[in-house]
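First the structure, in the form of structure tokens, and then the observations on it.
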2 protein chains.
Amino acid sequence: METLRERKKQRTREALLRVAIELFTTRGYERTTVDDIADAVGVSQRTFFRYFAGKEDAALALDAMTVSNFVDSVRARPPHEPPLEALRLAVLEGWDTLHEVVESVVPVERFLGMYRVIESTPVLLAAHLRRSAEAEEVLTRVLAEREGLDPATDPRPRLLVAVFSGVMRVTERQWSTDGEFSLEAMRALTVSHLELLGPALTGKWSPYTKT
Amino acid sequence: METLRERKKQRTREALLRVAIELFTTRGYERTTVDDIADAVGVSQRTFFRYFAGKEDAALALDAMTVSNFVDSVRARPPHEPPLEALRLAVLEGWDTLHEVVESVVPVERFLGMYRVIESTPVLLAAHLRRSAEAEEVLTRVLAEREGLDPATDPRPRLLVAVFSGVMRVTERQWSTDGEFSLEAMRALTVSHLELLGPALTGKWSPYTKT
DNA sequence: TTGTCAATTGTCAGCGGCTGTCACTAGCCT
DNA sequence: AGGCTAGTGACAGCCGCTGACAATTGACAA
């Protein structure tokens with residue numbers, strides 16, 4: 001049981017986030033001012049900045065939730081799995097549990113909408129990529145510990161994570177630009193791209209047939 | 001022979017860029033205002049924005065030069081080379097020819113300094129990553145054409161480029177945080193990391209010994 | 001309950017990045 | 001020399017964001 005103050009804070013934050021996402025996905029990110037959001041919620045602009053580090057922060061809040069959900073999944077993978085396999089299964093697990101993670105704030109639909117906004121807004125995409133880079137750092141440490149390696153001296157965990165993230169980045173991007181914009185589609189793309197990882201590296205590219 | 005107007009424009013732009021880099025590397029990016037730069041050059045703030053799309057743009061101008069130099073190198077690789085090998089050799093070529101590309105504006109030393117600024121300034125790092133993503137798109141098209149593939153339907157060129165870029169990103173980062181901050185060190189790191197690409201993916205990580 | 005303390009908020013002022021506008025200056029060209 | 005145009009400066013203004021301070025509101029004990 002929480003205090004009234006905490007509940008109020010929670011409600012304000014969620015209201016701000018919900019309105020922000022609503023406006024970003026309808027009007028667009030750049031065409032939405034912080035004042036718009038604050039006014040729609042009925043708080044001062046200053047209050048918005050007390051809940052979010054910046055406009056970006058609100059736009060990427062959902063993304064941050066899914067990322068930390070994914071990282072948690074990686075941590076929870078059984079230690080006997082090879083690292084790449086653990087990442088692969090964790091990311092699929094992440095998609096499967098996305099509802100529970102996101103739905104507490106907005107319907108999954110809105111999440112997908114925000115994804116398109118992020119991909120199509122340069123400044124948001126940039127911020128998203130930087131956060132992904134930070135996540136890579138965390139994943140590197142997790143994997144290194146799993147395997148008993150020191151990430152400061154052994155570059156291999158970091159390299160693996162970078163390669164994996166590169167594939168996921170391609171997947172994200174194709175997903176957001178494709179017409180098929182569902183979680184199932186994302187899942188299928190993930191599987192397909194990771195299967196292509198090995199063959200794509202050889203450079204002996206046999207004719208490609210869609211699966 | 002160019003007209004006087006064009007020479008003047010060129011000089012103004014270079015002056016702005018030089019001063020910007022000077023201030024960014026000494027005072028730091030955030031602690032340098034556009035007014036500082038404009039005043040130091042002796043032009044109005046408005047003029048700065050006529051030469052650069054933003055403060056970021058000036059900070060990443062050198063980086064943009066090296067990127068396009070690298071892309072050109074890839075285009076010039078003999079077509080019989082496997083894609084990954086073409087990328088590998090092109091990036092090494094890029095480091096070797098960096099002097100000629102950059103020295104026309106500032107000494108290579110300053111370039112290295114700006115690199116550290118970029119890596120340590122969140123907003124710059126974000127912008128840098130986004131530009132890298134754009135470069136990946138270009139490289140994808142170049143490689144796809146080399147191999148006679150259609151990047152719209154065949155994800156393999158894009159995947160290869162993403163993997164390669166991931167490795168280079170790790171290399172950049174380690175380079176910028178290592179003490180050894182020379183082009184030779186960067187070259188060595190590049191070679192070493194690309195050699196580790198295959199072994200790092202297997203996940204059967206034998207004890208690591210530095211080369 | 002009531003009074004005190006701490007947390008939350010609103011208001012105001014201000015900085016810095018960035019843009020539109022418009023008049024003015026300086027190079028170009030005949 | 002004089003008209004044309006590219007480039008510049010000056011000004012006003014929007015927006016993101018921050019610090020400071022006062023006002024309000026919930027928490028908690030007397």
Side-chain angles (χ1 to χ4, degrees), chain A residues 1-17 19-21 23-24 26-61 117-118 121-128 130-131, chain B residues 1-17 19-21 23-24 26-61 117-118 121-128 130-131:
Chain A
M1 175 64 183
E2 318 132 313
T3 164
L4 168 61
R5 250 196 200 144
E6 279 164 346
R7 260 177 298 155
K8 254 188 151 176
K9 264 177 69 174
Q10 192 76 11
R11 277 199 297 123
T12 308
R13 198 196 131 87
E14 277 187 13
L16 282 168
L17 188 51
V19 168
I21 290 168
L23 293 177
F24 290 158
T26 54
R27 218 181 291 179
Y29 178 75
E30 320 260 23
R31 299 173 51 82
T32 304
T33 70
V34 174
D35 281 316
D36 290 338
I37 302 168
D39 289 350
V41 175
V43 297
S44 71
Q45 190 216 47
R46 196 66 183 83
T47 294
F48 174 91
F49 286 109
R50 289 199 176 98
Y51 283 94
F52 298 96
K55 210 172 118 178
E56 262 179 33
D57 198 42
L60 297 177
V117 173
I118 293 171
T121 308
V123 56
L124 278 187
L125 181 56
H128 170 66
R130 205 201 72 222
R131 286 167 177 234
Chain B
M1 177 62 185
E2 318 129 314
T3 163
L4 168 61
R5 269 228 264 261
E6 279 165 346
R7 260 178 299 156
K8 256 188 150 176
K9 263 177 69 174
Q10 192 75 10
R11 275 199 298 125
T12 308
R13 199 195 131 86
E14 277 188 12
L16 281 169
L17 188 51
V19 168
I21 291 169
L23 292 178
F24 290 158
T26 54
R27 220 181 288 178
Y29 178 75
E30 321 259 22
R31 299 173 50 83
T32 304
T33 71
V34 174
D35 282 316
D36 289 339
I37 302 168
D39 289 350
V41 174
V43 297
S44 72
Q45 190 217 47
R46 196 67 183 83
T47 293
F48 174 92
F49 285 109
R50 290 196 175 98
Y51 283 94
F52 298 96
K55 210 172 118 178
E56 261 179 34
D57 197 43
L60 296 177
V117 173
I118 292 170
T121 308
V123 56
L124 278 188
L125 181 56
H128 169 67
R130 206 202 71 222
R131 285 166 178 236

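Here is how names work: the chains are called A, B, and so on, in the same order as the sequence lines, proteins then strands, and each is numbered from 1.
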Spacing of B:Phe48 atom CZ relative to C:dG17 atom P, expressed in whole Å: 9 Å
In whole Å, I'd like the distance from the CD atom of B:Glu2 to the P atom of D:dA6. 18 Å
Qualifying residues under ring pair (Phe, Tyr, Trp, His ring centres under 6.0 Å), relative to A:Phe52, sequence neighbours excluded: A:Phe48
Minimum-distance nucleotide (side-chain atoms of A:Lys9 versus D:dT8, C:dT8, D:dG16): C:dT8
Choosing from C:dG10, C:dT8, C:dG17, which nucleotide comes nearest the side chain of A:Tyr51? C:dT8
Just jot down the salt bridge (charged side-chain N to carboxylate O under 4.0 Å, His left out) partners of A:Asp35, sequence neighbours excluded, or say none. none
List the residues meeting side chain to side chain contact (heavy atoms under 4.5 Å, CB included) with A:Arg131, not counting sequence neighbours, and say none if there are none. A:Asp57, A:Leu60, A:Ala64
Taking all non-hydrogen atoms of both residues, which atom of A:Ala58 and which atom of A:Ala20 are closest, and how far apart? CB-CB, 4.3 Å
Pull out every residue in residues 30-46 of chain B that has a heavy atom closer than 4.0 Å to any atom of DNA chain C, ordered by number, or say none. B:Thr32, B:Thr33, B:Val34, B:Gln45, B:Arg46
Measuring to OP1 and OP2 of D:dC17, would you say a side-chain N or O of A:Lys55 lies under 4.0 angstrom away? no
Which residue, B:Arg5 or B:Arg50, contacts DNA chain D at a nucleotide closer to its 5' end, judged by nearest heavy atom? B:Arg5
Whole angstrom value for the distance that separates P of C:dT8 from CZ of A:Arg13: 14 Å
I'd like to check the side chain to side chain contact (heavy atoms under 4.5 Å, CB included) partners of A:Gln10; sequence neighbours left out, ordered by chain and number. A:Glu14
A:Arg50: which residues meet the side chain to side chain contact (heavy atoms under 4.5 Å, CB included) condition with it, sequence neighbours left out? A:Arg46, A:Thr47
Here the distance between atom P of D:dT8 and atom CZ of B:Phe49, to the nearest Å, is 15 Å
So, A:Asp36 and A:Arg31, do they make that salt bridge, N to O below 4.0 Å? no
Atom CZ of A:Phe52 to atom C1' of C:dT9: distance rounded to whole Å? 16 Å
Expressed as a whole number of angstroms, how long is the span from B:Asp57:CG to C:dT19:P? 11 Å
Between B:Glu6 (CD) and D:dT8 (P), how many Å, whole number? 13 Å
Between D:dC17 atom P and A:Leu16 atom CG, what is the distance in whole Å? 14 Å
